[in-house]
Amino acid sequence: MAAEPAGKRLKSGLPLCAAHRSSAGSRARHNLQAAVEEALCGLSSLLWDGAYRLQALASVFERDDVALPRVASFFHQEALKQREEAEAMLGYLAERGGNYCTKDIQKPGCEAVCSVLPALELLLLQLKEEAGALVELSQLARKHGDPHTASVVKSHFLAPRVDRLKALGDLLTSARRLGCTNDQTGAGGFGEYILNQLQDELAR
């Protein structure tokens with residue numbers, strides 16, 4: 001099979017790696033098109049960035065002036081899920097003979113968040129962005145004749161994320177009903193205290 005042109009770039013909304021080094025000449029490569037390899041690499045980085053952001057959010061709720069331990073534990077668990085997904089995607093990329101390009105860790109972009117509602121809303125936006133990228137990756141894989149990658153993305157990454165989105169939506173509804181607000185002064189409020197004490201989803 002002829003090698004794909006060097007420097008060929010896919011025009012899409014996927015988080016691609018601009019400096020990606022294709023494994024096109026590798027004997028370990030298993031029918032992995034360059035566009036799919038690059039998308040897997042970029043999406044792996046997106047998942048790692050998300051894990052770092054969730055860990056930063058967990059640290060916010062461990063601070064003495066916030067002190068919401070169950071909320072902190074919830075974000076720690078979400079960060080763990082995110083890291084496991086990132087590692088699983090890297091494992092799949094390696095299994096197919098692809099390359100992963102490491103990059104510098106960026107600031108998590110949640111430095112101003114210090115209350116529950118905006119933290120949950122930020123997580124919701126992150127999961128939706130990742131879900132959209134996963135759907136596009138699955139479609140891209142099928143377009144390039146790679147139904148195996150399409151199936152793996154849907155079953156191992158997209159389906160669990162849909163479940164997380166549903167649970168998070170329920171949690172956001174509870175937070176709003178309890179009176180949690182977007183107040184960023186760190187004052188929190190009684191709604192946050194009640195959510196921390198009673199919300200089952202935080203301990204799942």
Side-chain angles (χ1 to χ4, degrees), residues 13-15 42-90 105-139 152-204:
L14 282 166
L43 194 46
S44 297
S45 293
L46 182 69
L47 294 176
W48 278 119
D49 288 344
Y52 181 48
R53 184 180 302 111
L54 293 174
Q55 195 63 48
L57 286 172
S59 299
V60 168
F61 298 105
E62 291 177 328
R63 287 176 3 205
D64 292 342
D65 59 335
V66 181
L68 296 172
R70 292 183 75 186
V71 175
S73 179
F74 169 78
F75 280 102
H76 276 304
Q77 289 300 314
E78 289 296 311
L80 177 60
K81 292 175 187 175
Q82 196 83 4
R83 285 197 300 272
E84 289 174 344
E85 285 185 335
E87 289 170 356
M89 185 161 287
L90 285 179
I105 296 177
Q106 305 297 318
K107 287 186 177 181
C110 58
E111 292 80 5
V113 176
C114 56
S115 54
V116 172
L117 191 60
L120 292 175
E121 289 173 341
L122 184 60
L123 173 56
L124 181 65
L125 287 174
Q126 175 179 314
L127 292 182
K128 284 184 175 180
E129 178 188 1
E130 291 164 357
L134 287 165
V135 168
E136 192 169 348
L137 173 55
S138 179
Q139 293 171 343
V152 167
V153 168
K154 280 191 173 183
S155 60
H156 290 77
F157 299 97
L158 188 56
R161 187 164 259 83
V162 170
D163 293 338
R164 287 172 69 188
L165 280 166
K166 173 64 170 63
L168 181 57
D170 293 342
L171 187 56
L172 270 166
T173 297
S174 297
R176 293 185 180 110
R177 285 176 176 171
L178 288 170
C180 296
T181 68
N182 283 303
D183 178 21
Q184 296 288 16
T185 64
F190 194 60
E192 291 193 351
Y193 172 78
I194 295 296
L195 184 74
N196 181 71
Q197 294 299 112
L198 302 178
Q199 192 61 36
D200 290 340
E201 285 90 336
L202 294 176
R204 74 178 191 274

Using side-chain heavy atoms (C-beta onward) and a distance below 4.5 Å, is [X] in contact with [Y]?
| X | Y | value |
| --- | --- | --- |
| L122 | R53 | yes |
| M89 | H156 | no |
| V60 | F75 | no |
| L46 | E129 | yes |
| L137 | F157 | no |
| L123 | L127 | yes |
| L117 | L172 | yes |
| F61 | R70 | no |

Using 0.5 Å steps for rounding, measure from the [atom1] atom of [X] to the [atom2] atom of [Y].
| X | Y | atom1 | atom2 | answer |
| --- | --- | --- | --- | --- |
| S45 | L90 | OG | CG | 7.5 Å |
| F74 | L120 | CZ | CG | 6.0 Å |
| R161 | K128 | CZ | NZ | 13.5 Å |
| S59 | L54 | OG | CG | 11.0 Å |
| T173 | L168 | OG1 | CG | 9.5 Å |
| E121 | R176 | CD | CZ | 5.0 Å |

#### Entry: Stepwise salt bridge (Lys or Arg N to Asp or Glu O under 4.0 Å) test for E78 and R83
CA-CA 9 Å; E78 289 296 311; R83 285 197 300 272; over 6 Å; no
### Message
Which residue in the set L134, L43, V135 passes side-chain contact (heavy atoms from CB on, under 4.5 Å) when paired with V153?
### Response
L134
Looking at [X] and [Y], does any basic side-chain N land under 4.0 Å from a carboxylate oxygen?
| X | Y | value |
| --- | --- | --- |
| K81 | E84 | no |
| E130 | R164 | no |
| K166 | D170 | yes |

